[in-house]
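Below: one structure, written as structure tokens.
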Amino acid sequence: MDLKSQLTPILAVTACVGIALLIVSLFRAPANHMTLPLFDEVAPEGEANGGKSLLDGVVTLPSPDHAGNLPVEAALAARRSVRAYSEGPLHLDEISQLLWSAAGINCTETGYRTAPSAGATFPLELYLVVGDVVSLSSGLYHYETEGHRLRKVSSGELRTDLYAAALQQAPIRDAPALLILSAVYERTTRRYGRRGIQYVHMEAGHAAQNVYLQAVSLGLGTVVIGAFDEERVLKIMGTSSDETPLYIMPIGRL
Ligand SMILES: Cc1cc2nc3c(=O)[nH]c(=O)nc-3n(C[C@H](O)[C@H](O)[C@H](O)COP(=O)(O)O)c2cc1C
């Protein structure tokens, strides 16, 4: 490798760290819930939502906050699995923040993410199940890291079926939204062989912990749910059979 090719990734990472430090150093007041997200495509479904149309298709999420208001130590001190939630919908800026914390890009030059990934093979896919989120119609959405947007996969109430597929664990039925972390093992095992399977599980842990801490910072509650029938969950999701769902994370208000 010549000197230029060796230096390029180092310069890119240095640039990202510099930009991140600059952003963190700027104080940002807590964002009010954004009511006007950007949409690439809007195909209202005609469902009732306080008289407003719900959004569908591809939804560009509000930009994630890179500063926050809670020190990481405070989030660590408060982190707990939360399995009961108060009434009330989630907002799109909260969804944006949670998805970004799990699998969002934090360096546009490299495409690297908030959670580490073995060899940057990025085996995880992230889904959002919407039950009660302001502006979003119910259904399953796929999180597209590039572009920080959601793409609707299917419509309808999925929580009841997922609840049944997960030993009837109440948080899945009750939470206004669920995150599903799913893995495509091949992306990582192709490079690392059998060890890649372990790497994928480690990565799911990193992403899930980020969601826990982000939830604390937003005043929300979550729990990692690993006890479910993975084939049933995959069938309910109706996504590629190359994927294996690893975690369901209900998200709700405290
Ligand atoms: C791999 C794994 C699977 C888990 N599966 C479930 C689950 O199916 N249902 C559940 O309620 N909690 C589940 N949990 C959460 C644990 O029960 C929880 O972390 C533990 O009770 C400690 O509580 P804390 O998270 O509040 O510290 C799981 C945790 C891990 C790490």
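We count ligands from 1, going down the list as the structure has it; atoms in each ligand are counted the same way. Predicted model, so just to flag it, every value in this text is computed and none were measured.
Numbered from 1 in the order shown, with element, the atoms of ligand 1 that lie under 4.0 Å from a heavy atom of R79 read 24 (P), 25 (O), 27 (O). Taking every heavy atom of R80 and a limit of under 4.0 angstrom, the matching atoms of ligand 1 come to 24 (P), 26 (O), 27 (O). Listed by number with element, the atoms of ligand 1 under 4.0 angstrom from any heavy atom of A227 are 8 (O).
Atom 30 (C) of ligand 1 is approached by the protein to below 4.0 angstrom, counting heavy atoms only.
When hydrogens are left out, the protein atom nearest atom 9 (N) of ligand 1 is Q169 OE1, 2.7 Å; that is the closest non-hydrogen contact. Here the protein heavy atom with the shortest distance to atom 4 (C) of ligand 1 is V224 O, 3.6 Å. In terms of protein heavy-atom proximity, atom 17 (O) of ligand 1 is nearest to R83 NH2, 3.1 Å.
Looking at residues two or more places apart in sequence or on another chain, you find a side chain to side chain donor-acceptor pair (under 3.5 Å) between Q198 and R195.
In this structure, H142 and Y127 have tilted ring planes: the angle between them lies in the 30° to 60° band.
Residue contacts with ligand 1: G226 is placed with a nitrogen or oxygen under 3.5 Å of a nitrogen or oxygen of the ligand (distance criterion only).
R113 has no carboxylate O lying under 4.0 Å from a charged side-chain N of E203, or vice versa, which leaves the two without a salt bridge. The pair R173-E157 does not count as a salt bridge, with every side-chain nitrogen at least 4.0 angstrom from each carboxylate oxygen.
When non-hydrogen atoms are compared, ligand 1 lies under 4.0 Å from the side chain of V223 (C-beta onward) but not from its backbone. When heavy-atom distances to ligand 1 are checked against a 4.0 Å cut-off, Y247 comes that close only through its side chain, counted from C-beta outward.
From R159, atom CZ reaches atom CD1 of I248 across 13.0 Å, with rounding to the nearest 0.5 Å.
Surrounding CD of E231 are at most 12 heavy atoms belonging to other residues, nucleotides or ligands under 6.0 Å away.
Checked by atom type and distance alone, the side chain of Y212 pairs as donor or acceptor with a backbone atom of V224 at under 3.5 Å.
Annotation for Y85 and V223: closest pair OH-CG1, 3.8 Å, computed over non-hydrogen atoms.
Ranked by closest heavy atom to atom 23 (O) of ligand 1, the top entry among G205, A166, S81 is S81.
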